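Note that the structure is a prediction, hence the values are computed from the model and not measured. Order of the sequence lines fixes the chain letters, A, B, ..., with proteins taken first and strands second; residue numbering starts at 1 for each chain.
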Amino acid sequence: MISIPKGTKDILPDQSFKWQFVESIARKITRLYNLKEIRTPIFEHTELFERSVGETTDIVNKEMYTFLDKGGRSITLKPEGTAGVARAFIESLSNSTLPVKMYYITPAFRYERPQAGRLRQFHQFGVEVFGAAGAEMDAEVITLAKDFLEAVGMNSLKLEINSIGSGEARKNYNKILKEYLTQNADKLCPVCQTRIEKNPLRVLDCKLASCKSVLADAPKTIDYLSEEDKAHFERLKSILDDNNIKYTVNPYLVRGLDYYTKTVFEFIPQTVNSAQETICGGGRYDNLIESLGGKPTPAVGFGLGLERLLLAIENAGINIEDANKLETFVAYADAELVDEAIKLVGELRKAGISADYDQTGRSLKAQLKYADKQGAQFCVTIGGDELKSGVYPIKNMRNGNTLQVARQNIIETILKELK
RNA sequence: GUGGGUAUAGCUCAGUUGGUUAGAGCGCCAGGUUGUGGCCCUGGAGGUCAAGAGUUCGAGACUCUUUACUCACCCCA
């Protein structure tokens with residue numbers, strides 16, 4: 001038997017309604033915020049990710065699905081959503097009226113050891129906004145994420161924000177942090193010791209108590225911001241305050257991708273304690289477009305992991321209704337009556353009512369059982385007597401009540417009952 | 001890449017110090033009066049006990065190897 005590849009999952013028919021639910025909310029909320037969808041290819045030139053995500057990151061170093069195509073080009077399956085959108089912006093949208101506001105729902109691929117909330121093919125809902133430098137847009141993006149999360153039922157999320165600065169100030173901070181960490185290297189865990197050279201910001205994120213105590217006295221990003229960056233961060237906080245959006249400033253919050261500047265943020269469910277707790281992470285990346293060869297263009301966005309979101313929804317005990325239940329099942333008591341069932345089902349469908357009948361020749365009892373399993377709301381039964389009298393029983397499967405309805409009034413009756 | 005756990009029916013799992021023909025619940029199919037679902041009862045289909053080797057008179061069980069899955073670390077969504 002051929003089985004599913006490691007780190008992938010089928011979204012089976014009895015689960016897909018959950019995905020449709022969160023996706024429909026994503027489309028609804030983005031529309032409220034005046035964002036339009038963008039769909040970029042599943043694969044891009046490898047170089048795009050090397051230059052945007054960052055050559056020092058684990059994602060680029062060891063987690064990309066990279067291969068040579070038949071033309072000898074190095075191709076990579078997208079490991080995240082931002083790079084492709086940035087490329088498309090530079091290539092096709094840089095002469096548009098700014099700001100350009102977009103969202104995407106896309107699979108992404110990382111070659112990692114799978115675990116709860118982490119797959120090799122996973123799915124992201126993301127937002128990218130180009131061409132607005134002010135903190136108003138940071139607030140817009142954060143608020144959109146929050147509205148989305150609340151609309152899917154995640155009401156008790158923690159929002160953490162921080163600013164990691166930009167330009168010279170950021171470089172300067174990196175240097176100072178590195179010096180501090182080097183001086184205290186002997187007190188850090190082995191993993192953090194290797195991080196000092198590779199990616200010192202990441203040390204701030206370490207969960208070990210021993211490292212945390214070293215970090216308590218470490219220089220903090222927000223103390224090394226330029227005046228402009230500081231004003232930007234203050235403005236963001238005041239907008240959030242004014243709009244009653246609760247947040248905590250986490251001076252140790254950093255992001256793993258190289259392209260972030262200034263504002264960074266995460267949404268974390270309060271119910272879980274796993275390391276995969278962050279379901280939404282984002283921030284500003286003012287240098288990305290320029291570093292990819294475009295005109296200097298400020299940008300801000302977020303990525304949200306749909307698998308993690310659905311896990312969090314489940315953990316929070318939130319129940320998602322299956323919106324795709326069958327509306328009407330047409331049962332027939334006798335094999336000769338199947339033709340009338342086919343006809344009636346066809347009429348129901350033309351009237352916009354989802355309808356089905358048994359195509360496998362089962363007994364009436366089995367047909368009813370099947371209708372029940374499909375979650376059918378109504379069941380019309382055809383028998384010899386009905387054919388003669390022209391009056392059919394419409395059974396409401398929720399409460400068991402049956403209406404006797406003349407053949408020509410069936411559609412009208414069901415449409416009325418469905419409301 | 002590192003460390004733990006698991007592998008028996010479609011699913012969740014039992015299976016005694018190694019001992020006849022491999023077990024349950026759920027699910028699936030059928031029946032329980034000829035035309036009415038859910039609850040209940042009865043029956044049926046469905047397993048190379050992950051694979052390979054070893055120990056033994058005898059292995060689902062014990063040993064080794066491999067593989068797969070899973071959880072955690074790293075990293076990230």
Is the base of [N] touched by the side chain of [X] through a donor-acceptor pair closer than 3.5 angstrom?
| X | N | answer |
| --- | --- | --- |
| R110(A) | A77(B) | yes |
| K365(A) | G31(B) | no |
| E386(A) | G35(B) | yes |
| R308(A) | C76(B) | yes |
| E266(A) | A77(B) | no |

Between [N] and [M], how many Å separate the two [atom1] atoms, rounded to a whole number?
| N | M | atom1 | result |
| --- | --- | --- | --- |
| A24(B) | G46(B) | P | 15 Å |
| A45(B) | U34(B) | P | 25 Å |
| G27(B) | G38(B) | P | 11 Å |
| C11(B) | U36(B) | P | 35 Å |
| A9(B) | U2(B) | P | 31 Å |
| U55(B) | C74(B) | C1' | 41 Å |
| U66(B) | G3(B) | P | 13 Å |

For a quick test of reading the model: is some side-chain N or O of [X] closer than 4.0 Å to OP1 or OP2 of [N]?
| X | N | result |
| --- | --- | --- |
| K373(A) | G38(B) | no |
| Q115(A) | C71(B) | no |
| R113(A) | U2(B) | no |
| K6(A) | C69(B) | yes |
| R255(A) | A77(B) | yes |

Return the pairing partner of [N] with a 3.5 Å limit on both distances, Watson-Crick or G-U wobble; otherwise return none.
| N | value |
| --- | --- |
| G3(B) | C71(B) |
| C11(B) | G25(B) |
| U56(B) | none |
| C76(B) | none |
| A50(B) | U66(B) |
| U33(B) | none |
| U17(B) | none |

Review point. Stacking between Y370(A) and the base of G37(B) (centre distance under 5.5 Å, interplanar angle under 30°)?
Key: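 No; by the centre-distance and plane-angle rule, Y370(A) does not count as stacking on G37(B).
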
When we call it a touch if two heavy atoms are under 4.0 Å apart, what does [X] touch: a base, just sugar-phosphate, or nothing?
| X | value |
| --- | --- |
| P79(A) | nothing |
| D58(A) | sugar-phosphate |
| D385(A) | base |

Review point. Within a strict 4.5 Å, meaning less than it, do heavy atoms of the L177(A) and L204(A) side chains meet?
Key: yes

Strictly below 4.0 Å, N to O, side chains only: are [X] and [Y] in salt-bridge contact?
| X | Y | answer |
| --- | --- | --- |
| R39(A) | E37(A) | yes |
| K101(A) | E128(A) | no |
| K416(A) | E412(A) | no |

Rounded to the Å, how far apart are [X] [atom1] and [N] [atom2]?
| X | N | atom1 | atom2 | value |
| --- | --- | --- | --- | --- |
| E112(A) | G1(B) | CD | P | 13 Å |
| I4(A) | A50(B) | CD1 | P | 22 Å |
| D10(A) | C69(B) | CG | C1' | 15 Å |
| R362(A) | G37(B) | CZ | P | 15 Å |

Exercise for review: Report the relative orientation of the aromatic rings in Y224(A) and Y173(A); use parallel for angles under 30°, tilted for 30 to 60°, perpendicular for over 60°.
Suggested key: tilted

Exercise for review: Verify the ring-centre separation between F125(A) and F302(A): is it less than 6.0 angstrom?
Suggested key: yes

Please tabulate, one pair per line, all N/O donor-acceptor pairs under 3.5 Å involving side-chain atoms of residues 367-383 of chain A, not counting sequence neighbours.
| unit_1 | atom_1 | unit_2 | atom_2 | d |
| --- | --- | --- | --- | --- |
| Q367(A) | OE1 | Y332(A) | N | 2.9 |
| Q367(A) | NE2 | Y332(A) | O | 3.0 |
| Q367(A) | NE2 | R362(A) | O | 3.0 |

Study note, to complete from the structure: By nearest-nucleotide position on RNA chain B, the 5'-leaning member of G400(A) and H123(A) is G400(A)

Point to revise | Which residue lies more 5' along RNA chain B, comparing L368(A) with I59(A) via nearest heavy atoms | key: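 Here L368(A) is the residue nearer the 5' end.
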
